[in-house]
Amino acid sequence: MAFMKKKADSANLPEMLPTHVGFIMDGNGRWAKKRGLPRSLGHVEGGRTFKKIMQYCKDIGIPYASFYVFSTENWKRPQNEIDGILKIMREYLDEVQSHLGDGVRAIFLGDKSAYPDDIRQRMIKLEQDTAHHSRLTVLLACNYGGRDEIAHAAREIAELVKSGQIQPENITEQTIAEHLYTAGLPDVDLVIRPSGELRLSNYLIWQCAYAEYYFTDVLWPDFSPEELDKALIDYAGRGRRFGGV
Ligand code: IPE
Ligand code: IPE
Ligand code: MG
């Protein structure tokens with residue numbers, strides 16, 4: 001799906017922009033290491049980039065932007081790194097309304113139950129407070145894993161079968177999509193992964209089935225609107241066929 005850009009000030013941008021851009025915000029640790037800094041400072045800097053890129057998506061008229069914040073696998077990291085990330089999340093959630101600005105709706109993707117109660121409550125409140133906004137929808141994948149999401153959907157659908165609300169032969173792709181964390185939201189058109197890794201790392205695996213991929217060696221804290229422009233220009237030149245001719 002494509003979307004008409006809103007602003008002509010990014011003169012180098014193509015007319016047709018993707019509807020949903022997914023960002024795998026990778027490379028914070030390496031960014032810090034290169035500077036002899038603790039990994040946690042890489043995450044702080046990565047958070048600044050997140051704000052800048054989110055604002056830019058809003059300015060140029062991208063309607064959906066998703067960000068991989070923390071994966072179900074990231075709990076394997078050292079406790080002090082996890083604590084550092086939770087601290088940044090708390091700070092963000094406290095001041096988030098002000099950086100989201102007008103018109104931004106926030107939705108969390110993933111299992112919130114793994115988070116401490118105060119963080120979980122703040123996530124729910126933010127979703128409620130911004131539910132009526134529609135200029136830019138920001139999807140924040142926190143304790144998110146694509147396989148975990150599909151297993152969660154399977155459990156919900158199994159319950160419906162068990163209670164006789166749905167027959168197994170009536171389960172379609174649409175049924176599954178409606179039970180994902182992204183129910184009602186568009187599939188990903190363009191995935192951007194900085195930091196040189198060429199993989200999805202369990203990010204929106206169902207929703208990326210027909211996405212275009214853009215990889216760059218730039219580390220996430222160094223990612224910029226100019227880098228995003230490059231990805232959008234590259235995307236505009238792709239031929240998307242979805243299995244057709
Ligand atoms: C991404 O940066 C942030 C999270 C996964 C939370 P990394 O911390 O993975 O950075 P690298 O890959 O070690 O450089
Ligand atoms: C993916 O990055 C998760 C996030 C960016 C939140 P990782 O750094 O965890 O991925 P791998 O381990 O390199 O696959
Ligand atoms: Mg990484």
Side-chain angles (χ1 to χ4, degrees), residues 20-54 57 64-93 96 99 106-116 119-120 122-123 138-152 180-182 185 188 190-209 211-224 227-228 231:
H20 179 174
V21 182
F23 296 92
I24 300 180
M25 304 191 284
D26 197 18
N28 296 348
R30 278 164 282 174
W31 182 92
K33 191 171 171 208
K34 261 181 30 187
R35 288 162 178 76
L37 299 170
R39 291 178 61 86
S40 59
L41 287 186
H43 297 310
V44 171
E45 202 55 35
R48 294 200 181 110
T49 303
F50 159 73
K51 285 195 231 171
K52 206 162 50 190
I53 295 299
M54 188 188 62
C57 286
Y64 295 86
S66 63
F67 295 88
Y68 208 178
V69 177
F70 197 85
S71 75
T72 46
E73 288 71 33
N74 287 147
W75 299 106
K76 292 178 198 155
R77 295 191 177 204
Q79 192 58 46
N80 67 347
E81 179 165 349
I82 293 173
D83 290 344
I85 292 170
L86 291 176
K87 181 166 174 267
I88 297 169
M89 279 189 78
R90 277 198 179 84
E91 287 165 8
Y92 261 81
L93 285 162
V96 76
H99 4 274
I107 295 175
F108 290 91
L109 309 177
D111 178 6
K112 294 186 185 77
S113 71
Y115 284 100
I119 292 188
R120 190 169 58 247
R122 279 183 249 201
M123 287 172 160
V138 175
L139 310 175
L140 300 159
C142 295
N143 186 31
Y144 173 87
R147 290 180 173 182
D148 179 68
E149 177 179 44
I150 293 168
H152 173 263
L180 299 176
Y181 295 121
T182 52
L185 300 167
V188 182
L190 172 64
V191 182
I192 298 176
R193 182 162 191 161
S195 93
E197 308 301 350
L198 308 179
R199 53 179 172 259
L200 266 185
S201 300
N202 207 8
Y203 189 56
L204 296 173
I205 53 178
W206 175 281
Q207 301 85 342
C208 285
E212 297 296 322
Y213 294 83
Y214 182 88
F215 297 104
T216 164
D217 288 338
V218 172
L219 302 171
W220 176 254
D222 292 327
F223 195 82
S224 59
E227 294 296 331
L228 177 52

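Note that ligands are numbered from 1 as they come in the structure, with each ligand's atoms numbered from 1 the same way. Note that the numbering runs from 1 along the sequence shown for the chain. These figures come from a predicted structure and were not determined experimentally.
Among all non-hydrogen protein atoms, the one lying nearest atom 5 (C) of ligand 2 is Met25 O, 3.6 Å. Nearest to atom 2 (O) of ligand 2 among the protein's heavy atoms is Arg193 NH2, 3.6 Å.
With salt bridges taken as basic N to acidic carboxylate O contacts below 4.0 Å, one links Glu45 and Arg48. We find that Glu73 and Arg147 are not joined by a salt bridge, their nearest charged nitrogen and carboxylate oxygen being 4.0 Å or further apart. A salt bridge links Glu91 with Lys87: the distance from a Lys NZ or Arg NE/NH1/NH2 to an Asp or Glu carboxylate oxygen falls below 4.0 Å.
Within ligand 2, the atoms closer than 4.0 Å to a non-hydrogen atom of Phe70 are 6 (C), numbered from 1 in the order shown. Counting atoms of ligand 1 from 1 in the listed order, those under 4.0 Å from a heavy atom of Ile85 are 6 (C).
At least one N/O-N/O distance between Ser201 and ligand 2 falls below 3.5 Å. For ligand 2, none of its N or O atoms has an N or O atom of Tyr68 under 3.5 Å away. The N/O atoms of Asn28, backbone and side chain alike, include one that comes under 3.5 Å of an N/O atom in ligand 1. Where the criterion is an N or O separation shorter than 3.5 Å, residue side chain and backbone included, Asp26 meets it with respect to ligand 2. Here's the thing with Arg77: one of its N/O atoms is less than 3.5 angstrom from an N/O atom of ligand 1.
Closest approach between the Mg ion (ligand 3) and any N/O/S atom of Asp26 involves OD1.
Distance screen at 4.0 Å: atom 10 (O) of ligand 2 has a protein heavy-atom neighbour inside the cut-off.
Counting only N and O atoms by type, the side chains of Ser66 and Tyr203 include a donor and acceptor under 3.5 Å apart. Counted by atom type alone, Arg30 and Ser195 present one or more donor-acceptor pairs between their side chains at under 3.5 Å. For His43 and Glu81, the side-chain atoms include at least one donor-acceptor pair closer than 3.5 Å.
Residues Glu149 and Thr182 have side chains in contact (heavy-atom distance under 4.5 Å, counting atoms from C-beta outward). Arg193 places a side-chain heavy atom less than 4.5 Å from the side chain of Arg199. In this structure, Met89 and Tyr115 have side chains that are in contact, with non-hydrogen atoms separated by less than 4.5 Å.
Contacts of Tyr203 with ligand 2, taken as heavy-atom pairs under 4.0 Å, are absent altogether. At a heavy-atom cutoff of 4.0 Å, ligand 2 is contacted by the side chain of Arg199 but not by its backbone.
The closest approach between a heavy atom of His43 and any atom of ligand 1 is below 4.0 Å. By the 4.0 Å heavy-atom criterion, Val69 is counted among the residues contacting ligand 1. Every heavy atom of Lys76 sits 4.0 Å or more from the atoms of ligand 2. By the 4.0 Å heavy-atom criterion, Arg30 is excluded from the residues contacting ligand 2. Look at Arg39 and you'll find a heavy atom under 4.0 Å from some atom of ligand 1. For the pair Ser195 and ligand 1, no heavy-atom separation below 4.0 Å is found.
A ring-centre distance under 6.0 Å is found for Trp75 and Phe70.
The side-chain tip of Arg35 points at the ring of Trp31 from less than 6.0 angstrom away and within 45° of straight on.
Between Phe67 and Phe23, the ring planes lie parallel to each other; the angle is under 30°, not in the 30° to 60° tilted range.
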